[in-house]
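The next block holds one structure in the form of structure tokens; read it before the comments.
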Amino acid sequence: MREVRVRFAPSPTGALHIGGIRTALYNYLLAKKLNGTMILRIEDTDQTRYVPGAEEYIEQSLAWVGIKIDEGVTAGGPHAPYRQSERKSIYKQHVQKLIDEGNAYYAFDTEEELEAMRNRLKAAGSSNQQYSATTRMIMNNSLTLSEGETKKNLDAGVAYVIRLKVPDSEEVQLHDLIRGEVKVHSSQIDDKVLMKSDGMPTYHLANVVDDYLMKISHVIRGEEWLPSAPLHVLLYRFFGWEKDMPQFVHLPLLLKPDGNGKLSKRDADQMGFPIFPLTWTDPKTNELAKGFRESGYLPEALINFLAFLGWNPGTTEEIFSMEELAQAFSIERIGKAGAKFDIQKAQWFNQQYLKAKTEADLAAYLFESLQQENILCSEEKALKICSIMKERVTFTQDFWQQGKFFFHGPTSYDEQVIAKKWNEDVVKVLTLFSKEISNTAELTAAVAKSILESVTNQLGIGTGKILQGLRVAVTGNGSGPDLMMTMEILGNEEVANRINHALSIIKK
RNA sequence: GGUCCCAUCGUCUAGGGGUUAGGACACCAGAUUUUCAUUCUGGUAACACGGGUUCGAUUCCCGUUGGGACUACCA
């Protein structure tokens, strides 16, 4: 069996979409499972769409989720350069072979002429308005021009593109590892532009040439490429590379959570979830798009979630590390149908991973937030906070978001709780409790509990009746982590102060 | 419009000629937690439709419907 070499080949036109991460992931998992090589190739042949910073963004994103690149622009490798814009001469040389053998031709048509051709066909009721076997002989190209005229045009520097001369009548077949045999009649394939007038190749040419030269064994890419795969097969044939043609694997698409269609940034914005791995600022519009990382997702949770969108191990286990995914992975178990993006499941995965972390790991996230807020905190306190909160968080920033009261006294009190639970009894209990704990050396959770019990017993009031009141006085909230532990972390002085403050402010 | 791809609970999916069609998320209910969350238990919920093939199809075949992708000198 041949050496497994896969490639992830994004184009640097902006932030890398989450679907791209999944494509990269499946490539990576196959490589890892079969001891293969993962290649990152930058497909930057459209200079009009080039976005500065996008390439760095791609590398950083892959690094963040834990996809390691064996060969690529920064990793280097035997098939450098890995940036297509730097391989122009290679494509030129190859496309020349196609021309020499009559499988490609020069076309001089202007945009207006192409437009006119399409309109004419449309008006005539034609079902497809392509530049193809049926139309190429009425266009302005080296097939209709004499050799001399063509040469004259070329010498005079008339703008031209190079088109593939697709055979007019034959069935082009390919084998896709997910979908089986896919057949397309060549009359449905148009004479695709291979080389643009600026001398850059199009995707079709560059992709086939590079995959061959880089000895790619499996082309794993999104389903949107399936319709042009037969064209690529034709190219492999014309180049005489059919026996080295990679295996095709067209992945099901990631769909919108509601309704139908391909998942887009718009959907994500509307439904309030990220679609990019890392936060991205568009250099042109300055528009900011929050990433999964900045939204509090763990890379391992995101990967686990993504892996299961279109693939499953065939068992009921769901929590898989990257290693485990690679071991379990197989192309046969990839589904065919598109998968709707369910952010709730992603949140569940995140919660699972967060819960599995050590307190020390979690404290790092808390410290990250605290640093942004310029708040100092002892290691010991942070550890304690994380330990009582880890069961209740979904995102990394929740330790701070839901635990602000550990660092600031309440500035407001939950109104509903006040309305429902704040009463004479609460005031009585809190007044006495505050006094009692002030006289305590150290307010551990156990001490707090026993003092509270003795106070309520003394006053003949049920503890359950006043607990909500105590919580709202201390934290401002109606719910939260274990209250006794919370008070231990805060310390008797702080708790007493907060209670006294609440008693003086809240009237009933 | 044309070409190609796809179709099991709301969502991700397992399954496969005879099953009580399984799991997970979400949702609902109960228990635990003197709150909330966690945890536990239980529940609601699916084979798009029509023809074949077959003793028997949700499963295999065909069609219909529905959805998606592609249809650029973008990838």
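Order of the sequence lines fixes the chain letters, A, B, ..., with proteins taken first and strands second; residue numbering starts at 1 for each chain. These numbers come from the heavy atoms of this one structure, side chains and all, not from hydrogens, waters or symmetry mates. Treat the numbers as computed from the prediction; the structure is a model and nothing was measured.
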Test log, rule ring-ring contact (aromatic ring centres under 6.0 Å, His included), inputs A/F395 and A/Y297: CA-CA 6 Å; A/F395 300 115; A/Y297 286 86; 5.0 Å; yes
Tabulate protein N/O versus nucleotide N/O from nucleotides 62-64 of chain B, keeping only pairs under 3.5 Å, one per line.
none

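- OP1 and OP2 of B/rG67 both lie 4.0 Å or more from every side-chain N or O belonging to A/K256.
- A distance of about 42 Å separates the C1' atoms of B/rA72 and B/rG51, rounded to the whole Å.
- A close approach under 4.0 Å does occur between a side-chain nitrogen or oxygen of A/K355 and OP1 or OP2 of B/rU39.
- Put simply, A/R163 has a side-chain N or O that comes within less than 4.0 Å of OP1 or OP2 on B/rC73.
- Ion pair A/R237/A/E170 flagged as a salt bridge, since at least one NZ, NE, NH1 or NH2 atom sits closer than 4.0 Å to an Asp/Glu carboxylate oxygen.
- The shortest distance between the side-chain N/O atoms of A/K262 and the OP1/OP2 oxygens of B/rC70 is below 4.0 Å.
- At the heavy-atom level, A/T316 lies under 4.0 Å from the strands shown only through sugar-phosphate atoms.
- Contacts of A/D109 with the nucleic acid, taken as non-hydrogen atoms under 4.0 Å apart, include base atoms.
- When both pairing distances are held under 3.5 Å, B/rC27 makes a Watson-Crick or G-U pair with B/rG43.
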Full working for ring-ring contact (aromatic ring centres under 6.0 Å, His included) between A/F341 and A/F305: CA-CA 10 Å; A/F341 194 82; A/F305 165 65; 5.3 Å; yes
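- Comparing the C1' positions of B/rG52 and B/rG30 gives a spacing of 49 Å, expressed to the nearest Å.
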List, with names and distances, any nitrogen or oxygen atoms from the protein found under 3.5 Å away from nitrogen or oxygen atoms belonging to nucleotides 12-15 of chain B.
| from | atom 1 | to | atom 2 | distance (Å) |
| --- | --- | --- | --- | --- |
| B/rC12 | OP1 | A/K340 | N | 2.9 |
| B/rC12 | O2' | A/F308 | O | 3.0 |
| B/rU13 | OP1 | A/G310 | N | 2.7 |
| B/rU13 | O3' | A/N312 | ND2 | 2.9 |
| B/rA14 | OP1 | A/N312 | ND2 | 2.9 |
| B/rA14 | O3' | A/R333 | NH2 | 3.3 |
| B/rG15 | OP1 | A/R333 | NH1 | 3.4 |
| B/rG15 | OP1 | A/R333 | NH2 | 3.3 |

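- Ring pair A/Y203/A/W225: centre-to-centre distance below 6.0 Å.
- Residue contacts for A/K183: at a heavy-atom cut-off of 4.0 Å it reaches the sugar-phosphate backbone alone, with no base atom in range.
- Of all the heavy atoms in A/M139 and A/E113, the pair that sits closest is CE-O, 4.1 Å.
- Using a 4.0 Å cut-off between charged nitrogen and carboxylate oxygen, A/D210 and A/R87 count as a salt-bridge pair.
- Among the heavy atoms of the strands lying under 4.0 Å from A/Q130 are primed sugar atoms or P, OP1, OP2 only; no base atom is included.
- No salt bridge links A/D414 with A/R471; every basic N to acidic carboxylate O contact stays at or beyond 4.0 Å.
- B/rG1 and B/rU71 make up a base pair, with Watson-Crick or G-U wobble contacts both under 3.5 Å.
- When both pairing distances are held under 3.5 Å, B/rA37 makes no Watson-Crick or G-U pair with any nucleotide shown.
- As judged by a 4.0 angstrom heavy-atom cut-off over every strand, A/S11 is placed among residues touching the sugar-phosphate backbone only.
- For the pair A/V161 and A/L226, both in contact range of RNA chain B, the more 5′-proximal nearest nucleotide belongs to A/L226.
- Remark: B/rA7 base-pairs with B/rU65; criterion is Watson-Crick or G-U wobble with both hydrogen-bond distances under 3.5 Å.
- Shown here, B/rU53 forms no base pair; nothing in the strands shown gives a Watson-Crick or G-U wobble contact with both key distances under 3.5 Å.
- To the nearest whole angstrom, the two P atoms, one in B/rA14 and one in B/rA7, are 10 Å apart.
- Side-chain atoms of A/N153 and A/Y106 form no donor-acceptor pair, as typed in the model, at a separation below 3.5 Å.
- Residues A/E111 and A/W348 both approach RNA chain B. Their nearest nucleotides, taken by heavy-atom distance, put A/W348 toward the 5′ side.
- By the 4.0 Å N-to-carboxylate-O rule, A/R49 lies close enough to A/D46 to be salt-bridged with it.
- Residue A/T45 places at least one side-chain N or O under 4.0 Å from the OP1 or OP2 atom of B/rA75.
- As judged by a 4.0 angstrom heavy-atom cut-off over every strand, A/R471 is placed among the base-contacting residues.
- Within 4.0 Å (heavy atoms only), A/V193 reaches sugar-phosphate atoms of the nucleic acid but no base atom.
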Can you list, pair by pair, the side-chain donor-acceptor contacts under 3.5 Å of residues 307-316 of chain A, counting residues two or more places apart and other chains?
| from | atom 1 | to | atom 2 | distance (Å) |
| --- | --- | --- | --- | --- |
| A/W311 | NE1 | A/S330 | O | 3.4 |
| A/N312 | OD1 | A/G314 | N | 2.7 |
| A/N312 | OD1 | A/R333 | NH2 | 3.2 |
| A/T315 | OG1 | A/E317 | N | 3.3 |

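- The aromatic rings of A/Y236 and A/F248 stand perpendicular to each other, their planes meeting at an angle above 60°, with 30° marking the opposite boundary.
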